[in-house]
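Structure, as structure tokens:
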2 protein chains.
Amino acid sequence: MDSKIVSLRSKLEIYKAGSGGGNIADCPVRDVIQGISNKWSSLLMMALAEKPYRFGELRRLVPDISQRMLTQTLHDLQRDGYVHREVFPTKPPSVEYSLTDLGRSMFGPLHQLLQWAELNHGAVRAARNAFDATET
Amino acid sequence: MDSKIVSLRSKLEIYKAGSGGGNIADCPVRDVIQGISNKWSSLLMMALAEKPYRFGELRRLVPDISQRMLTQTLHDLQRDGYVHREVFPTKPPSVEYSLTDLGRSMFGPLHQLLQWAELNHGAVRAARNAFDATET
DNA sequence: TAGTGCTGGTCTCTTTTTGAGACTCATATA
DNA sequence: TATATGAGTCTCAAAAAGAGACCAGCACTA
């Protein structure tokens, strides 16, 4: 019986239906997780965990992200405090993105998940194939 | 110098621009992570890690998910092998969802991340507020 | 001196994904 | 007979993502 189970309901429920207030920020897990569980965030965190990168470098490193989503995802990661953005007065000016301490702290557990993914890719693919075979 | 850094590039790049083939499945991390990094997956994993739930119970537990997305997310989690779906011949029939062994295995690292989120919610909120204050 | 490329973006338009909510179907209950 | 139930599906509107043109200032080249 660990305590996570006891407090699950309060972590999930963000607000009661009906009158009062209630905001998504009332659920810490959702508030934080939804910022990093989107298509590009974990990928960019992974890149920046290696070393700081400039905008164009990231774009080349992740060739199928659009400039629009790269800008926006970096902006969101910066807003949540995971990423630091620094402009250098070169001509033309260059911008470097790096992880903050908070970003590195968050990358710890994220990295565990990424490693799980790498290790269990085969099992997931197998499950998918099995599922697709029976449902057709 | 750990090995994650050495192999970062191969994990990120899914295909070279230009001719040949190349598939998203060539990048294990992306192939697996994109299945679980969406708005509802981690939340449902969290619920099912507690105990098996039926469709309607999940809907009540997560009041702001639409039936459409609940159906679809559960379907995707089942396809990737994390969730087991069992139909009971009651009238009307009821359906129970539970984690598979693979699902429980994946929930290990995911749970670490969720705990980080809970613990660092304050820091993230503070970062957001600071960011919003300077940018206006 | 005009043309080209580099930087890190923004703007607009189209396509895809999500959300809201009505509808189904067979049974049970009031 | 009217209504509720469980687990969805279907349709339509709204939001988000993707594609790709465009922008500014400066350096280098022809």
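So you know, we letter chains A, B, ... as the sequences are listed, proteins then strands, and number each from 1.
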Is there a side-chain polar atom (N or O) of A:R54 under 4.0 Å from OP1 or OP2 of C:dG8? yes
Closest listed nucleotide, where the reference is the side chain of B:K91 and the choices are C:dA20, C:dG8, C:dT27: C:dT27
From CG (A:L58) to CH2 (A:W40), nearest 0.5 Å: 12.0 Å
Below the 4.0 Å mark, does C:dG19 have OP1 or OP2 next to a side-chain nitrogen or oxygen of B:W40? yes
For B:D76 and B:R79, run salt bridge (Lys or Arg N to Asp or Glu O under 4.0 Å): C-alpha distance rounded to whole Å, both residues' side-chain angles, the deciding distance at 0.1 Å, then the answer. CA-CA 5 Å; B:D76 293 349; B:R79 189 172 100 99; 5.5 Å; no
Measure from the side-chain heavy atoms of A:P92 and tell me the nearest of D:dG8, C:dT7, D:dG18. C:dT7
Nearest-Å distance for atom pair CG/P, residues A:D76 and D:dA16: 11 Å
Looking at C:dG19, C:dG9, C:dT18, which one has an atom nearest to any side-chain atom of A:Y97? C:dG9
Does OP1 or OP2 of C:dG19 have a side-chain N or O of B:K39 closer than 4.0 Å? yes
With under 30° as parallel and over 60° as perpendicular, where do the rings of A:F131 and B:H75 fit, or are they tilted in between? perpendicular
Are any of B:R68's side-chain N or O atoms less than 4.0 Å away from OP1 or OP2 of D:dC12? no
Quick one: which of D:dG8, C:dG9, C:dG8 gets closest to the side chain of A:T71? C:dG9
A:F55 has a side chain; which of C:dA28, C:dG8, D:dT5 sits nearest to it? C:dG8
Which nucleotide, C:dG8, D:dA7, C:dA28, lies nearest any side-chain atom of B:Q67? D:dA7
